[in-house]
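Scroll down for the structure; my scribbles are underneath it.
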Amino acid sequence: MEKEKLIEEINRLRKEKNAVIMAHYYQVGDIQDIADYVGDSLALAQWAAKTDADIIVLCGVHFMGETAKILSPDKKVLVPDLEAGCSLADSCPADKFEEFVKAHPDHTVISYVNTTAAVKALTDVVVTSTNAKKIVDQFPEDAKLIFGPDRNLGNYINSVTGRSMLLWDGACHVHEQFSLERLLKLKETHPEAIVLAHPECKQQVLMLADFIGSTQALLNYATSSDKKEFIVATESGILHEMQKKNPDKTFIPVPPNDSTCACNECVFMRLNTLEKLYKCLRDEQPEILVDEEIRKKAVKPILRMLEMS
Ligand code: 13P
Ligand code: SF4
C-alpha cells in the first residue's frame, strides 16, 4: 500500500477503535510523525498509565509494550512487531538475575526499565535514564544497592551520585558500538560542535561528552542551546526529532566501530514500519500479554518509579 493510503487508513482505524499510538524517539521518522505521543521510556510509561484509550499501540520494543500492559492491564496493548526485543534486556535473564539478587539479600534492587517483566518482578524500584540519578539520590547514602542490567548506565550513576552500587554486567549492542576514534576525528573536524551522549555509552565516550542524558534530555539540551552543531552519541533515530525541532542546527551521528554496518541504528526498533503499524491496528495483533502473577509483582516497582520521578 502507498504511504499516503497507509496514513489515511491508520488515521481512520485509530479513531474508529479509540486507539492511541505512542512512539519512542528511536522509531523510524514516519512512525514518529504519525504518533499521538513521541517520547522517551519514562514518558511512554507515564502516558500508558493515564491514557483513556481502549487500545495502546506501542511503537518501540517489547519491554516498552510490557511496561504499558503492566500499568494498564485492562487495555489492549499492541506492538507492530513482536520480534522487536532489546539486547540489553536480553543480557539479563530473570533466573540468573534472581541468583544474583538472592546472593545479596540485604540489597535494594534497582532495575533499568530495559528489562523483562520477570526481572521487574524481582525489583524494588525501576528507573529510566531520565530519572535514574534522581531516584538513586533518594536512598540513604549508606544504602546497599544493586543496579541492573546496564553496566555503563550503572557506572555513570555511581560516578554522579558517589555510590558504589553492585552492577549487573549487561549492555546495549548499539551504545557499546560507538567508535572512540571516529568520535575524536569528528571533534577535530567540528571543533565548535557540542557532544551529546546517552549514558548507555561506554565510559570512554561519556568522558568526551559535553552533556550526558536520556533521549529526552539530549533533545531538550539541543533545543535550548544557542550552539549550532551537535555530535550525537545515541541511536540515530533521535536525530529526526532533533532536526524537526531545530531546523537551523546541524546534528551529526557518531558512527559505529564497524563502518560496514548501520550499528548506530537499533535493529529491534527498526523492525517496526508504517505498514506493520497499519496491520496491527487493523488486526489488533500482535498483542502483549503478561502473566497476572508476574504483572502484580512487576507493577509495584514501576509505580514506585512513577512516584519517585
Ligand atoms: P531512554 O530512556 O532515553 O528512552 O532510552 C531507552 C533506550 O532504549 C536507550 O537505548
Ligand atoms: Fe535496547 Fe539498545 Fe535498542 Fe535501546 S537501543 S532498545 S537498549 S537494544
Side-chain angles (χ1 to χ4, degrees), residues 22-28 31-32 35 37-48 58-68 79-92 110-116 119-120 126-136 147-154 156-157 168-178 196-202 205-206 209 211-222 232-242 253-254 256 261-272 302 305-306 309:
M22 301 182 185
H24 189 268
Y25 287 127
Y26 295 163
Q27 290 293 282
V28 292
I31 290 185
Q32 293 191 47
Y37 299 100
V38 186
D40 68 353
S41 307
L42 176 62
L44 295 175
Q46 287 167 331
W47 290 323
L58 206 306
C59 300
V61 292
H62 193 271
F63 77 80
M64 295 175 178
E66 243 181 13
T67 305
V79 290
D81 192 321
L82 210 51
E83 297 298 312
C86 168
S87 59
L88 179 52
D90 288 348
S91 71
C92 188
I110 303 178
S111 292
Y112 195 27
V113 71
N114 297 41
T115 43
T116 59
V119 167
K120 289 187 178 78
V126 168
V127 298
T128 75
S129 51
T130 288
N131 58 25
K133 178 180 181 311
K134 187 174 181 183
I135 289 178
V136 170
F147 185 93
D150 192 81
R151 59 172 176 259
N152 295 326
L153 177 63
Y156 171 68
I157 297 298
W168 181 262
D169 193 19
C172 153
H173 75 292
V174 179
H175 289 86
E176 286 259 295
Q177 278 288 335
F178 293 118
L196 306 175
H198 196 283
E200 286 176 27
C201 294
K202 282 185 182 164
V205 169
L206 295 182
F211 181 75
I212 298 166
S214 65
T215 45
Q216 185 65 56
L218 300 182
L219 176 64
N220 294 349
Y221 187 93
V232 186
T234 190
E235 211 271 2
S236 55
I238 187 67
L239 268 69
H240 181 75
E241 189 67 12
M242 282 179 168
V254 179
C261 75
C263 320
N264 57 355
E265 291 181 2
C266 172
V267 281
F268 304 112
M269 287 279 182
R270 303 306 167 111
L271 283 176
N272 296 331
I302 303 177
M305 167 185 83
L306 295 178
S309 290

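Order of appearance sets the numbers: ligands from 1, and atoms from 1 within every ligand. Start at 1 with the first residue, then count along the sequence.
- Within the listing of ligand 2, atoms 8 (S) sit less than 4.0 angstrom from a heavy atom of His173.
- Within the 3.5 Å criterion, the main-chain N or O of Gln32 finds no donor-acceptor partner in the side chain of Gln27.
- Between the side chains of Tyr25 and Gln216, a donor-acceptor pair is found at a separation under 3.5 Å.
- Side-chain contact between Ile238 and Val232: present, with at least one pair of heavy atoms (C-beta onward) separated by less than 4.5 Å.
- Close approach of ligand 1 to His175 (heavy-atom distance below 4.0 Å) involves ligand atoms 10 (O).
- Interface of Ser214 with ligand 1, defined as ligand atoms under 4.0 Å from a residue heavy atom, comprises 3 (O).
- Scanning the protein for heavy atoms near atom 9 (C) of ligand 1, the closest one is Glu200 OE2, 2.9 Å.
- Scanning the protein heavy atoms around atom 8 (O) of ligand 1, the nearest turns out to be Asn114 ND2, 3.1 Å.
- Among the atoms of Cys86, no N, O or S atom falls under 2.8 Å of atom 2 (Fe) of ligand 2.
- Distance from atom 5 (O) of ligand 1 to its nearest protein heavy atom, with residue and atom name: His198 NE2, 3.3 Å.
- Between the side chain of Trp168 and the backbone N or O of Ser111, no donor-acceptor pair lies under 3.5 Å.
- Checking side-chain atoms of Glu200 against main-chain N and O of His175 turns up no donor-acceptor pair under 3.5 Å.
- Remark: the backbone N or O of Val254 is paired with a side-chain donor or acceptor of Asn264 at under 3.5 angstrom.
- The closest protein non-hydrogen atom to atom 7 (S) of ligand 2 is Asn114 ND2, 3.2 Å.
- The aromatic ring centres of Phe178 and His198 sit 6.0 Å or more apart.
- For atom 3 (Fe) of ligand 2, the nearest non-hydrogen atom of the protein is Cys266 SG, 2.4 Å.
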Full working for side-chain contact (heavy atoms from CB on, under 4.5 Å) between Tyr112 and Ser41: CA-CA 10 Å; Tyr112 195 27; Ser41 307; 5.7 Å; no
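- Few gaps surround OH on Tyr221; more than 12 heavy atoms of other groups in view lie less than 6.0 Å from it.
- Within ligand 1, counting atoms from 1 as listed, the ones closer than 4.0 Å to a heavy atom of Thr215 are 1 (P), 3 (O), 4 (O).
- Ligand 2 places these atoms under 4.0 Å from at least one heavy atom of Ser87: 8 (S).
- Using 4.0 Å as the threshold, Tyr25 has no heavy atom nearer than that to any atom of ligand 1.
- Protein heavy atom closest to atom 2 (O) of ligand 1, with residue, atom name and distance, is Ser129 OG, 2.6 Å.
- The protein heavy atom nearest to atom 6 (C) of ligand 1 is Ser41 OG, 3.3 Å.
- For atom 2 (Fe) of ligand 2, the closest heavy atom belonging to the protein is Cys172 SG, 2.3 Å.
- The distance from ligand 1 to the heavy atoms of Asp40 drops below 4.0 Å at these ligand atoms: 4 (O).
- The nearest protein atom to atom 4 (O) of ligand 1, hydrogens excluded, is given as His24 NE2, 2.7 Å; this is a heavy-atom distance.
- In terms of modelled atom types and a separation under 3.5 Å, the side chain of Lys120 and the main chain of Val113 share a donor-acceptor contact.
- Using a distance-only test at 3.5 Å, with no hydrogens or angles considered, no donor-acceptor pair links the side chain of Asn152 to the main chain of Pro199.
- Under a 4.0 Å heavy-atom criterion, Glu200 is in contact with ligand 2.
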